[in-house]
> 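Before anything else, here's the structure in question.
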Amino acid sequence: MTLPDARSDSAPAFSDLASLRRWLRALPQTQPLLLLNALCEQVHAVDVSPAPPNEVIALLDGLRQAAVVSADALESRFLRKPLPLPSDDLRCFDAVQGFWSAQAIALMRRLPRLPPAQWHLPLHRTASALRLAQLAHFQAAQEIPARLDHLLLASLGYAEQAGCLRQPLADPAFPHLGEDSIAGHLAWAFMLRICDPYRLSAAQLTVANRALSRWRELAAFQSEVDNDTQPPVVDLAAFFLGDYPAGLPRWLALRKVQRKIGQRLEALATGELPESLRLGRELSGSAALRLLRQISREFSSPADLPGTDIGEVELAFGPDHAYALFTGEAINPGKALDVGGATLAHQRVAMFGFDRASTLPTAVKRLEIPSEIWQLVDGIALRPQPDPSTRRIAPCLISTRKDDLASLGVLEGLREARDGSLSASLRWFDEPLEAVRLLRPGTACEPVAAFLFGEGEHCTLLAPSRAGLRLEQTVRIEGRAAGSLVLQSVIERGSDFVRYAVRLP
């Protein structure tokens, strides 16, 4: 592993643990960004210090314990915010991932000066720091840099070489984790990556990370797979850039983890609350059930192969624009007040006795739908030009028109590169659907755009999140298919839409 050069313009502000504690007490404890930046600066300063490696490791351990509270406080600034991230939020993300990355690099730099028998502590702290740096990237929906991948795999190789991969050790910075191993932290990091975390919402990511933390020691690294190995077993080489290094354990056996997931699924299906199963309060029982089923599928199925689509796609965002694309009409034309709108037409007739705009021989009613051009490369949609004025959060509803045929889909797995460009996956609905008007109770409520999938007893309804619908509520729709429907259960939830299973009243 080739580590970046150690560089720092600052000298260490302390020389031992006692002076480190005095320095920490003088820092501004109520300003987490300033505090974390100061701690990171001292990590770099300690990294270039010629002090003996064990002294450096002790100082780094003191710095990381002081950083935990500040790093946690900054997470909300970048957790699943619309992309690209504003500069202030990006600075918070850089402070968190930068601290943990600097910690890992400084610790790994000590290894050549220590015998392998003394690698256990620095490698344990390295694995923990790298897992937290990766988690910050997932939380902020930022692309994982290749260097972080290399560090994760290098720590796995060094621990295997030293024979300490599965040796337990306590961590004072995270006492709630108890004693755990390097293998546990790396398995935790790898399992979260296998779950395709960019497709998860903020609440789903929080619950998934919490659940995997409890099952981290149940996963097993294997160098080979034989006939006695029971599925699921995941090939780690599919999740890392470049060639997987020879000699590293390549397979992650998840059978025991899958069994735990199955037990949680059974309990949730019988009505137990996620909180009683130590999954937290972020998700309802049905939402936790959908999440665990999704994780179980990711563990059992191989990674998707990249697509082959290339070219351009023009995307309109949101249910209202999708309705306009499918019908050629705005869902609330009076609100839009365009020149061809019905409200203005009535006003012109009332004032002038005729509607001049509609009688002009050259007048053509055209509904302008805001859209963006995204590039398709190997099945991945890219928005190469940074546009801070138009931020996106996924999963969100999209629509497009090609060859006079409108399509409805979901943009998911959105992430941001360091240059501000965005990339995502596009999933198009292939079921027959109709754009309908959803009529909410009350005469003052405007209709909202919705989409009816299928026919008869097996139909589903996709409605905007802002509609404020409830399960077991009866709603009326207008369109070619008109009538009343009862909302039974949530099938899918996005940032701006919810898809329901429905039944006839």
Side-chain angles (χ1 to χ4, degrees), residues 80 131 134-135 138-139 141 144 180 183-222 225 228-240 249-306 394-395 410 412-413 425 427 460 488-494 498-501:
R80 283 296 189 268
R131 177 187 61 77
Q134 177 188 263
L135 176 62
F138 293 150
Q139 291 171 328
I144 299 288
D180 56 12
H185 279 286
L186 294 177
W188 183 358
F190 295 164
M191 286 190 293
L192 191 59
R193 181 172 296 202
I194 294 168
C195 291
D196 201 356
Y198 291 112
R199 294 176 185 262
L200 302 180
S201 67
Q204 288 176 324
L205 180 60
T206 300
V207 173
N209 188 59
R210 182 184 297 124
L212 296 177
S213 74
R214 301 186 57 79
W215 306 326
R216 63 191 183 279
E217 299 292 342
L218 299 178
F221 289 95
Q222 297 181 190
V225 177
D228 295 331
T229 303
Q230 298 185 31
V233 180
V234 177
D235 184 0
L236 296 175
F239 294 90
F240 291 92
R250 177 171 171 171
W251 307 91
L252 191 62
L254 300 174
R255 179 175 60 88
K256 293 182 179 179
V257 178
Q258 194 76 297
R259 183 186 303 163
K260 288 290 186 180
I261 295 176
Q263 293 171 355
R264 298 301 189 277
L265 288 173
E266 291 178 2
L268 289 169
T270 60
E272 283 202 49
L273 297 177
E275 187 177 1
S276 67
L277 300 173
R278 299 184 180 181
L279 296 175
R281 301 179 179 180
E282 289 83 359
L283 298 178
S284 65
S286 59
L289 198 66
R290 292 196 303 273
L291 173 63
L292 291 183
R293 285 172 177 166
Q294 179 179 341
I295 293 175
S296 180
R297 287 194 299 269
E298 296 290 349
F299 284 174
S300 300
S301 304
D304 294 334
L305 295 175
V410 177
E412 55 192 8
S425 300
R427 171 167 56 89
T460 62
Q488 282 191 292
S489 61
V490 174
I491 298 175
E492 182 180 1
R493 189 183 298 274
V498 183
R499 188 174 179 184
Y500 301 91

> Excluding sequence neighbours, so at least two apart, what forms ring-ring contact (aromatic ring centres under 6.0 Å, His included) with Phe138?
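With sequence neighbours excluded, Phe138 shows a ring-ring contact (aromatic ring centres under 6.0 Å, His included) to Tyr198, given in chain and number order.
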> Using 0.5 Å steps for rounding, measure from the CH2 atom of Trp251 to the CG atom of Asp235.
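The distance works out to 4.0 Å.
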> One pair to check against side-chain contact (heavy atoms from CB on, under 4.5 Å): Leu236 and Phe221. What are the steps and the verdict?
CA-CA 10 Å; Leu236 296 175; Phe221 289 95; 3.9 Å; yes
> Under 3.5 Å, is there a donor-acceptor pair between the side chain of Arg80 and the main chain of Leu200?
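A pair under 3.5 Å: yes.
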> Check whether any side-chain N or O of Arg210 sits under 3.5 Å from a backbone N or O of Leu279 as a donor-acceptor pair, and report yes or no.
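Checking the backbone N and O of Leu279 against the side chain of Arg210, a donor-acceptor pair under 3.5 Å is found.
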> Over all heavy atoms of both residues, which pair between Leu205 and Pro197 is shortest? Give the atoms and the distance, please.
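Leu205 and Pro197 have their closest heavy atoms at CD1-CB, 4.0 Å.
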> Salt bridge (Lys or Arg N to Asp or Glu O under 4.0 Å) with Arg499: which residues, sequence neighbours excluded?
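Arg499 satisfies salt bridge (Lys or Arg N to Asp or Glu O under 4.0 Å) with Glu431 only.
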> Could you measure the distance from the CG atom of Leu268 to the OG atom of Ser276? Nearest 0.5 Å is fine.
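Taking CG in Leu268 and OG in Ser276, the distance rounds to 7.5 Å.
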> Report the C-alpha distance between Leu283 and Thr206 in whole Å, list the side-chain angles of each, state the deciding distance to 0.1 Å, and finish with yes or no for side-chain contact (heavy atoms from CB on, under 4.5 Å).
CA-CA 10 Å; Leu283 298 178; Thr206 300; over 6 Å; no
> Taking only Lys NZ, Arg NE, NH1 and NH2, and the carboxylate oxygens of Asp or Glu, determine whether Arg427 and Glu492 approach each other closer than 4.0 Å.
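Counted as a salt bridge, because a side-chain N and a carboxylate O are separated by less than 4.0 Å.
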> Spell out, as yes or no, whether a donor-acceptor pair under 3.5 Å connects the side chain of Arg193 to the backbone of Phe239.
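Answer holds: yes.
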> Nearest 0.5 angstrom please: Glu217 CD to Lys256 NZ, how far?
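With rounding to 0.5 Å, CD (Glu217) is 11.0 Å from NZ (Lys256).
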> For the residue pair Leu291 and Ala208, what are the closest heavy atoms and their distance?
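Heavy atoms only, the tightest pair is CD2-N, 4.1 Å.
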> For the side chain of Ser296 and the backbone of Leu292, is there at least one donor-acceptor N/O pair under 3.5 Å apart?
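Such a contact is absent between Ser296 side chain and Leu292 backbone.
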> So, Gln134 side chain and Ala189 main chain: donor-acceptor pair closer than 3.5 Å or not?
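Yes; at least one donor-acceptor contact below 3.5 Å.
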> Measure the CD-CD1 distance between Gln258 and Ile261 for me, rounded to the nearest 0.5 Å.
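Between Gln258 CD and Ile261 CD1, I get 5.0 Å after rounding to 0.5 Å.
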> For Glu275, which residues count as a salt bridge (Lys or Arg N to Asp or Glu O under 4.0 Å) partner, sequence neighbours excluded?
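In terms of salt bridge (Lys or Arg N to Asp or Glu O under 4.0 Å), with neighbours along the sequence ignored, Glu275 is linked to Arg281.
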> To the nearest 0.5 Å, how far apart are OG in Ser213 and CG in Leu135?
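The OG atom of Ser213 sits 10.5 Å away from the CG atom of Leu135.
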> Mind listing the closest non-hydrogen atom pair of Phe299 and Leu212 along with its distance?
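In this case the closest contact between Phe299 and Leu212 is CZ-CD2, 4.0 Å.
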> List the atom of Ala394, the atom of Gly413, and the distance in Å for their closest heavy-atom pair.
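Ala394 and Gly413 have their closest heavy atoms at CB-N, 4.5 Å.
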> Rounded to the nearest 0.5 Å, how far does CZ of Arg214 lie from NZ of Lys260?
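Separation between the atoms: 8.5 Å.
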> Indicate the atoms forming the closest heavy-atom contact of Gly184 with Arg216, along with that distance.
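Nearest heavy atoms, Gly184 then Arg216: O-CB, 3.3 Å.
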> Please check if the side chain of Arg290 supplies one atom and the backbone of Val490 the other of a donor-acceptor pair under 3.5 Å.
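It does hold such a pair.
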> So which atom in Ser300 and which in Pro232 form the shortest heavy-atom distance, rounded to 0.1 Å?
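Ser300 and Pro232 have their closest heavy atoms at CA-CB, 4.1 Å.
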